[in-house]
Amino acid sequence: MSGYHPDVRALTVEPQAAGSVRVEDVPDPRPGEGELLVRGVAVGLCGTDKEIVRGDYGWSPPDSDRLVLGHESLGRVEQSPEGSGFERGDLVAGVVRRPDPQPCGACAHGEWDMCRNGQYTERGIKELHGYASELWTVPADFAVKIEPHLGMSGVLMEPTSVVAKAWEQVERVGERAWFEPATVLVTGAGPIGLLAAMLGVQRGLDVHVLDRVTEGPKPGLVEALGATYHSTSVAEVAREHRPDVVIEATGVGQLVFDAIAATATYGIVCLTGVSSRGHTLGVDAGGLNREIVLENDALVGSVNANLRHYRQAADALARADADWLGRLITTRVPLEDAPAAFDQPSDDDVKVVITLDREDSR
Ligand SMILES: [Zn+2]
Ligand SMILES: [Zn+2]
């Protein structure tokens with residue numbers, strides 16, 4: 001019988017303390033009312049996890065010194081409440097953010113990704129334990145089903161939800177007047193950039209992706225989508241292709257400003273990359289203002305995702321080429337080796353995942 005699971009291991013950190021990441025036994029998670037019990041299959045790692053491990057970000061739950069990491073989840077349902085719509089064996093991902101307790105107007109409307117007061121919580125990041133655990137629970141209302149044929153690629157659900165939101169933002173901003181985009185430039189060929197490109201291709205757009213590297217898996221992944229890979233400059237791609245939409249996924253300050261200048265008239269730039277503070281650029285503010293005003297350009301920032309975006313992501317993943325998605329996962333690290341994985345940055349990696357399921361993963 002379930003209920004007792006000896007030796008549930010998880011990847012934990014003491015937030016704001018560099019070098020504190022380790023694998024340890026955690027209390028047996030017990031599903032509360034309306035919750036699923038889920039056996040972890042994998043978690044994806046991203047820049048946010050690295051920041052937390054470096055001690056630069058992250059908050060533990062109020063009753064704990066440590067935080068279970070992991071917000072890009074994939075698991076298999078072990079137990080589900082009657083009538084939840086989930087069954088044992090379903091592949092699922094858990095939503096990252098929870099509405100703030102107050103709640104603000106946005107959270108009250110299910111738009112916790114747009115929370116106004118900053119009191120939201122996030123699994124594996126802010127005051128809630130994450131999903132990098134061999135066993136975890138999640139309210140059924142904050143879980144999303146993943147097509148079984150996707151297998152391990154289902155771990156891309158969370159980053160895809162972020163990209164689905166970014167595209168929704170672009171389309172909503174576009175709808176303020178006549179809008180029929182043809183060409184999109186994506187800057188950065190990491191997981192967010194590549195998934196943004198995939199959603200652009202699914203929309204029937206002419207997609208261009210710009211990144212620094214000329215080797216490794218990125219150029220081939222872009223070509224395999226039917227998109228065009230560039231390793232030149234924003235200005236050069238813009239001169240030739242005049243993108244209606246730019247999705248910026250690097251957070252590199254110079255690229256952000258280049259992107260604004262790069263768009264066609266009525267261009268939309270969606271910023272999804274987070275820059276570090278303190279990098280000063282010489283910017284022609286007058287020229288930038290002329291560009292934005294005289295072209296009716298729009299600039300929008302986008303982060304996180306609500307349940308609607310997870311559903312959009314599930315649809316996009318279901319329609320995607322499963323082999324192509326699988327190629328995004330360039331490195332798999334078993335849980336016990338996960339702490340060391342943070343010391344080995346590789347330019348050739350697209351998505352590194354930590355595998356949690358002792359049978360499934362190797
Ligand atoms: Zn992430
Ligand atoms: Zn809120």
Side-chain angles (χ1 to χ4, degrees), residues 11 13 15 21 40-54 56-59 67-75 93-133 136 141-142 144 152-166 188-196 247 249-251 271-276 301-310 313 317 325 328-331 333 338 341-342 345 349-354 356:
L11 184 66
V13 291
V21 65
V41 173
V43 288
L45 296 184
C46 77
T48 302
D49 300 293
K50 289 179 192 161
E51 266 187 83
I52 296 170
V53 168
R54 279 202 308 265
D56 293 338
Y57 200 67
W59 297 266
L67 171 75
V68 176
L69 268 177
H71 59 277
E72 303 185 3
S73 62
L74 175 68
V95 171
V96 176
R97 194 177 282 192
R98 298 291 177 276
D100 76 81
Q102 201 167 356
C104 75
C107 287
H109 287 82
E111 297 193 334
W112 52 75
D113 56 314
M114 298 297 202
C115 181
R116 300 296 201 274
N117 65 20
Q119 290 171 43
Y120 60 82
T121 53
E122 289 177 334
R123 298 283 298 254
I125 302 171
K126 187 169 182 277
E127 295 160 27
L128 291 175
H129 286 312
Y131 298 109
S133 176
W136 41 268
D141 294 344
F142 287 87
V144 183
M152 184 62 84
S153 303
V155 77
L156 299 168
M157 173 69 108
E158 194 276 341
T160 307
S161 75
V162 165
V163 162
K165 174 182 170 178
I192 294 291
L194 288 167
L195 290 167
I247 297 191
T250 69
L271 304 177
T272 67
V274 181
S275 316
S276 44
S302 182
V303 72
N304 201 260
N306 65 44
L307 203 53
R308 182 175 69 246
H309 307 122
Y310 278 82
L317 290 176
L325 290 173
L328 298 191
I329 299 167
T330 45
T331 301
V333 181
F342 290 94
D349 264 322
V350 179
K351 177 58 76 184
V352 176
V353 305
I354 297 169
L356 301 165

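One-based numbering along the sequence shown. Read the numbers this way: they start at 1 and go in the same order the structure lists the ligands and their atoms. These numbers come from the heavy atoms of this one structure, side chains and all, not from hydrogens, waters or symmetry mates.
Looking at Glu72 and the Zn ion (ligand 1) together, the shortest N, O or S contact belongs to OE2. The nearest N/O/S atom of Asp100 to the Zn ion (ligand 2) is OD2.
Angle SG(Cys115) to the Zn ion (ligand 2) to SG(Cys104), rounded to 10°: 120°.
A salt bridge between Asp113 and Lys165 is present, with a side-chain N of the basic residue lying under 4.0 Å from a carboxylate O of the acidic one.
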Given Leu156 and Leu328, is the side-chain contact (heavy atoms from CB on, under 4.5 Å) satisfied, shown in steps?
CA-CA 9 Å; Leu156 299 168; Leu328 298 191; 3.9 Å; yes
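Across every non-hydrogen atom of Lys351 and Leu45, the tightest pair is NZ-O, 2.8 Å.
Side-chain rings of Tyr131 and Trp136 approach one another, their centers coming within less than 6.0 Å.
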